[in-house]
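Notes to accompany the following structure.
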Amino acid sequence: MSSSELKLFQCIPVPVGDYTDVFELQSIRMALLHNVIIRSLNGLIYYSQTIQANDEKLTPFLEYSQYVVEYVHHHHESEEDVWFPLLESKFGAGSMADNVAGHENFKAPFAEFEKLIADFKAKEKAWDPELFRQGIYAFTSVLMDHLVEEIDTFRPYQLKEHFTKEELDAFEAEMRAWLMARSVPEKSAQILFANGDAVHGAWFPVVPPQFLAMIKGDLWKVHADWWAFGCCDRDMNVKQEFAPYEPTFEDRSKMEAKQA
């Protein structure tokens with residue numbers, strides 16, 4: 001199968017704004033994080049066609065696939081554990097119901113894909129790249145709708161109606177602590193670089209300069225055979241085969257009209 005026959009997914013537009021403004025940061029960062037998910041899945045789809053059953057790359061490919069699944073779980077747990085309760089406390093009871101439903105709607109086929117990877121890895125199923133891709137396609141249409149729709153939850157005009165700057169700054173500290181408690185030095189930042197955005201979000205992920213060389217150096221090497229399946233190099237430069245699926249900036253006039 002040629003790459004032209006594969007179905008890859010378009011990254012979502014990135015909001016225009018000042019990421020140093022804590023109100024504007026939220027929707028910008030969420031779009032960047034959602035695009036990490038989209039790129040990660042595109043990488044799995046694209047590179048699956050290059051893997052053969054007896055290929056030495058099969059094991060690291062399946063390990064990376066498991067980590068992509070783990071990353072999606074991690075992202076949604078951060079929302080459900082930290083973000084959604086905070087927003088519901090301000091927006092009102094039940095205000096996050098649609099967001100939670102967005103997670104639930106693709107949970108069953110996502111779990112089936114997770115099991116499929118485990119079955120391939122345990123050799124309970126013979127490697128079948130077409131079956132692997134169909135496992136992804138089974139949940140991506142619902143997931144993509146959710147990734148697009150959820151950005152509106154984090155629009156600055158909404159947040160400004162319910163939060164002070166000090167409250168959002170406090171949330172940022174809480175979220176950093178939540179993430180750090182669950183961070184793995186050789187994996188957590190690397191997936192963000194391997195599927196990041198040097199054009200629309202070169203500042204993200206935010207990493208202290210003294211740690212950056214280590215993350216892209218010795219720690220990168222631990223799972224270098226995983227990150228090879230990302231859409232970008234370690235400097236977030238997108239690979240040519242994925243360039244057509246990269247995002248644009250949002251049309252700000254449409255967002256202003258929506259706000260009005």
Side-chain angles (χ1 to χ4, degrees), residues 3 6-20 24-48 64-65 67-80 83 99 102-103 105-106 110 113 133 136-137 139-156 175 179 187-207 215-216 226-252 254-255:
S3 61
L6 302 180
K7 180 182 179 183
L8 301 184
F9 296 89
Q10 190 70 42
C11 288
I12 66 175
V14 178
V16 176
D18 177 6
Y19 70 87
T20 66
E24 296 190 2
L25 167 65
Q26 307 307 321
S27 61
I28 296 171
R29 183 175 57 199
M30 192 60 68
L32 295 173
L33 287 167
H34 285 186
N35 283 338
V36 169
I37 293 173
I38 295 169
R39 291 190 190 93
S40 297
L41 295 173
N42 279 348
L44 296 186
I45 293 166
Y46 179 85
Y47 286 111
S48 66
Y64 175 64
S65 301
Y67 187 60
V68 169
V69 168
E70 182 182 331
Y71 173 77
V72 175
H73 283 311
H74 173 79
H75 175 73
H76 287 154
E77 285 167 5
S78 73
E79 293 176 333
E80 293 178 7
W83 246 126
N99 299 70
H103 294 178
N105 289 342
F106 76 92
F110 193 64
F113 177 61
R133 289 190 289 273
I136 296 176
Y137 295 147
F139 65 82
T140 37
S141 61
V142 176
L143 174 61
M144 286 296 298
D145 288 343
H146 167 69
L147 295 180
V148 172
E149 292 165 0
E150 193 171 64
I151 300 303
D152 282 344
T153 303
F154 302 93
R155 296 294 181 187
M175 181 60 85
L179 293 170
K187 295 192 291 188
S188 299
Q190 287 79 3
I191 193 172
L192 303 179
F193 285 106
N195 295 286
D197 190 337
V199 175
H200 307 88
W203 55 273
F204 184 80
V206 178
V207 177
I215 287 170
K216 292 185 178 183
W226 293 10
W227 315 130
F229 302 118
C231 286
C232 308
D233 64 19
R234 72 187 69 192
D235 295 318
M236 303 193 300
N237 298 307
V238 67
K239 299 172 186 174
Q240 183 176 359
E241 52 268 41
F242 302 106
Y245 305 95
E246 283 299 283
T248 59
F249 281 117
E250 276 185 346
D251 184 337
R252 191 156 196 169
K254 291 182 180 179
M255 290 301 103

The single option from Arg155, His200, Gln26, Glu24 passing side chain to side chain contact (heavy atoms under 4.5 Å, CB included) against Pro15: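 It is Arg155, the one option of Arg155, His200, Gln26, Glu24 that forms the side chain to side chain contact (heavy atoms under 4.5 Å, CB included) with Pro15.
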Looking at Asn35 and Ile12, would you say the former's side chain and the latter's main chain have a donor-acceptor pair under 3.5 Å? yes
Exam field: side chain Glu250 to backbone Val14, donor-acceptor pair closer than 3.5 Å: no
Residues two or more places apart in sequence or in another chain: which of them pass salt bridge (charged side-chain N to carboxylate O under 4.0 Å, His left out) with Glu246? Arg39
From [atom1] ([X]) to [atom2] ([Y]), nearest 0.5 Å:
| X | Y | atom1 | atom2 | result |
| --- | --- | --- | --- | --- |
| Cys232 | Phe242 | SG | CZ | 8.5 Å |
| Glu77 | His73 | CD | NE2 | 7.5 Å |
| Cys11 | Met144 | SG | CE | 7.5 Å |
| Glu150 | Asp145 | CD | CG | 12.5 Å |
| Cys231 | Asp197 | SG | CG | 11.0 Å |
| Met30 | Asp152 | CE | CG | 12.5 Å |

Step by step, work out the side-chain contact (heavy atoms from CB on, under 4.5 Å) result for Ile37 and Leu143. CA-CA 10 Å; Ile37 293 173; Leu143 174 61; 4.2 Å; yes
side-chain contact (heavy atoms from CB on, under 4.5 Å) for Val207 and Phe193? Distances and angles first, verdict last. CA-CA 11 Å; Val207 177; Phe193 285 106; 4.1 Å; yes
For residues [X] and [Y], determine if any side-chain heavy atom of one lies less than 4.5 Å from a side-chain heavy atom of the other.
| X | Y | answer |
| --- | --- | --- |
| Gln190 | Ile215 | yes |
| Ile38 | Asn42 | yes |
| Tyr47 | Glu241 | yes |
| Lys187 | Ile191 | no |
| Thr20 | Trp203 | no |
| Tyr137 | Ile45 | yes |
| Tyr67 | Ser188 | yes |
| Leu41 | Phe139 | yes |

Which atom pair, heavy atoms only, marks the closest approach of [X] to [Y]?
| X | Y | value |
| --- | --- | --- |
| Val238 | Ala243 | CG2-N, 4.2 Å |
| Leu44 | Ile136 | CB-CD1, 3.8 Å |
| Arg133 | Ser48 | NH1-OG, 2.8 Å |
| Tyr64 | Gly230 | OH-CA, 3.9 Å |

Apply the test side-chain contact (heavy atoms from CB on, under 4.5 Å) to residues Phe204 and Arg29: give CA-CA distance (whole Å), side-chain angles for both, the deciding distance (0.1 Å), then the verdict. CA-CA 8 Å; Phe204 184 80; Arg29 183 175 57 199; 3.8 Å; yes
Pairing residues for Ala198 by the side chain to side chain contact (heavy atoms under 4.5 Å, CB included) criterion, not counting sequence neighbours: Met236, Asn237
Go through the structure and list residues passing ring-ring contact (aromatic ring centres under 6.0 Å, His included) with Tyr71, not counting sequence neighbours.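 With neighbours one apart ignored, the set is empty.
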Just do the side-chain contact (heavy atoms from CB on, under 4.5 Å) check on Glu80 and Asn99 with the steps written out, would you? CA-CA 9 Å; Glu80 293 178 7; Asn99 299 70; over 6 Å; no
Between His76 and Phe106, does the ring centre distance come in under 6.0 Å? yes
What orientation do His34 and His146 show, parallel under 30°, tilted 30 to 60°, or perpendicular over 60°? tilted
